[in-house]
Structure formats: structure tokens, C-alpha cells
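So the structure is just underneath, and the comments pick up after that.
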Amino acid sequence: MRYTGLIERYKDRLPVNSNTNIISLGEGNTPLIKLNNIPKDIGKDVDMYIKYEGLNPTGSFKDRGMTMAVTKAVEEGSKAIICASTGNTSAAAAAYAARAGIKAFVIIPEGKIALGKLAQAMIHGAVILQIKGNFDDGMRMVKEVADHAPVSIVNSINLFRLQGQKTAAFEIVEELGDAPDYHCLPVGNAGNISAHWIGYSEYFKEGKSSKTPKMVGYQAAGAAPFVTGHMVDNPETVATAIRIGHPQSHHLALQIEKMSGGWFDSFSDEDILKAQKFLTEREGIFCEPASATSVAGALQDIQSGKIPEGSSVVCTLTGHGLKDPDTAIGQCDVKPILVNPDLNEVKQAILDNM
Ligand SMILES: *Cc1c(COP(=O)(O)O)cnc(C)c1O
């Protein structure tokens, strides 16, 4: 049967009915890739999987939530949606609004948005408000303005978003035949880690898995309220998707840490970029910096034994590497080799670099 998106596939588990007009771009059903080389590189016997959410239609997991949020906004008669975004939510909102024929307003932080994400919001025709502040300032404005203008909020405080995003956990359980022992994610607003927990818990209660995973959230050191224990007013990190100091799902995520037996940790920008490069060079998988935080964390905790050998570990790669080409190029020291269209010159360049 033709795959037509996660709402159609999981409609019995989502807040829709047979009359709902589904707004979908075929999101979900993303690959779960087993790592072949990296576990050997670090000399550890673990089953490590990547849930490659960068392969969603707009290149991030935000599409899972946006298909639900926009479907419900349209069902409720809304003609416009609004979100604050570090980039990927605005890309998804712009695309799904275009698909639905409604207007998208997106509030992004001035200057700190990856190029690919800005391109997406622009080309899909969103109205872009670039705020002189960070994501948290934008989020505050969205909450206030939604009371004064006819727009539906599609940030992850919109609970339909989490309902859509929980389906990633369903896919993982179905594919592995059980829940993994550990599920590692990068954490910004903590909506996604919460959504995964909702999904895993739902399947566990119905006996579709024998356990729930320990949920492990990793943050960037410059934006790590879950690690430091207090909100951060001026978050800074190269991982712009998680440059958030006041997480919207703060309480939920702290409960999940306890209930699941998981933990939070944080990593320097240098460690995050190192993990991004390691994954691209050793496994052929390209993700944006924020996503690599899950791998940086999992590798550290596997190496230290906190995640013991014999475990199954899923790392979510939240967004595609092409979202942020500047940062990718910036961390490569190899430059293209300039040659003339001459057989000898090309041959020599090959032999020199074998
Ligand atoms: C949104 C986003 C995150 C953070 O997800 P939260 O639900 O805010 O914790 C991480 N990585 C990428 C690429 C994102 O777009």
C-alpha cells in the first residue's frame, strides 16, 4: 500500500476522525540505520541505531508534529499559523501551511538561523519576522500575540505536535520488535523527548514492547538548563536548533527523566562538531550540529560504561546536515584541489591522494 504519512498510518492513535482533512507531505517512516563502524572504532559491543529524522520532507522531525498541528488548525477553521523557531519549526510550518493553503507567520532570532532553514521559510512564502532577540524572546511574543490576533500557535506547546511526534517511538518499536534499552536525543524545548516517552509508554501499556527505554537528553554546554538546574538567559551554541535557555516542556522532561531512569548531560560545541564529523566520515550519515549532540552523548556514556555493553541504543538525528552548510564547510580543512582538464594533472592528483 502507498505510504501517505503518519496520520493515515496511526490514525487510531491520533486525535483525528474519518472526516478529518489530513494535511500531509508523507512525513514519518524514516530509516533506522544500524551503525557498523563506530562501535568497532570505540571497541564496544553495543547495538547502536540512528533514527534518521533528517529524511522527513522538510529535513527534520518537526514535520511529524507539524502535520498534526496544521491538520487540526485547518479542522478548527484557522486561516493562519504562527511559531517562534530556531529554524526547523519555521521551515516545517511554512511548508505545511503552503500545502494547506493558509498563511504562516514565523518568528526567528536575528542572525542565528542556519542558511538552509531560512531558505525554506522564504521559498515556501512564510511571513518572516526576524526578532532582535533569541528563541526564548520569540516564544514569549508568540504566546502574547496569539491572544490578540487570529492565529494558531504551532510550537510544541501545541499538544497536537507531541501527538504527531510520538509516532517515531512506534516506528522504532515495530522495527526492533521491542523498545531499545536507551534512547538518546538532543534537547532544546524538550518537546521531542517528551513525545517519544508518550509513544513508548503507550506501546508498553498495550504490551507491544516488554520495556520502556531510559530516556537520555543531551544539551549544548552553552544552553543546558537541564544540566545546570537553572534557566539560561543568553544561550549560545553552534548547535542553533537547541540554542534555547527556557525550555517549554521543562516540567514534563524532568518527570520523564525520573520515570524512565534516564539522565541529562551537556557537551561543548567542539565535542558536538567532532561527533558530527565522526558520523559523516565513518558511517556516511550527515546531520546538522544539534542532532550530533545525541551521538556525542551516547558515545561518551558508552565509553564510560554508564551505558553498558550489550545494550541497544537509539540516537535520534533530528535534522539533516544540509540545513547548515556553512558550519559543515567551516569544519573541513580539506579544500577542493584545483586542476586543469588534463589527463596527467587529474591522474597525478589521484595518485597523490590515494
Ligand atoms: C527542534 C530541534 C531540536 C530540539 O527539539 P526539542 O523538542 O525542542 O527538544 C533538536 N534538533 C533539531 C535539529 C531540531 O530542529
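Counting starts at 1 for both ligands and their atoms, in listed order. Computed over heavy atoms, backbone and side chain alike; hydrogens, waters and symmetry mates excluded.
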Check: F226 ring centroid to H250 ring centroid under 6.0 Å: yes

Lys/Arg-Asp/Glu bridge criterion (N-O < 4.0 Å) met for R64, E171: yes

Going by side-chain heavy atoms closer than 4.5 Å, which hydrophobic residues are tied to M139, directly or by a chain of links? I82, F105, I107, V127, L129, I131, F135, M141, V142, V145, V151, I153, I157, I244

Is the shortest distance from a Lys or Arg side-chain nitrogen in E174 or R9 to a carboxylate oxygen in the other one below 4.0 Å? yes

Under 3.5 Å, is there a donor-acceptor pair linking the side chains of T30 and E53? yes

Note down each nitrogen or oxygen pair, ligand 1 side and protein side, whose separation is under 3.5 Å; give only atom names and the distance to 0.1 Å.
from, atom 1, to, atom 2, distance (Å)
ligand 1, 7 (O), G191, N, 3.1
ligand 1, 7 (O), N192, N, 2.8
ligand 1, 8 (O), N189, N, 2.8
ligand 1, 9 (O), G188, N, 2.8
ligand 1, 9 (O), N189, N, 3.3
ligand 1, 9 (O), A190, N, 2.8
ligand 1, 11 (N), T318, OG1, 2.7
ligand 1, 15 (O), K62, NZ, 2.6
ligand 1, 15 (O), N88, ND2, 2.7

N-O pairing of K117 and D324 below 4.0 Å: no

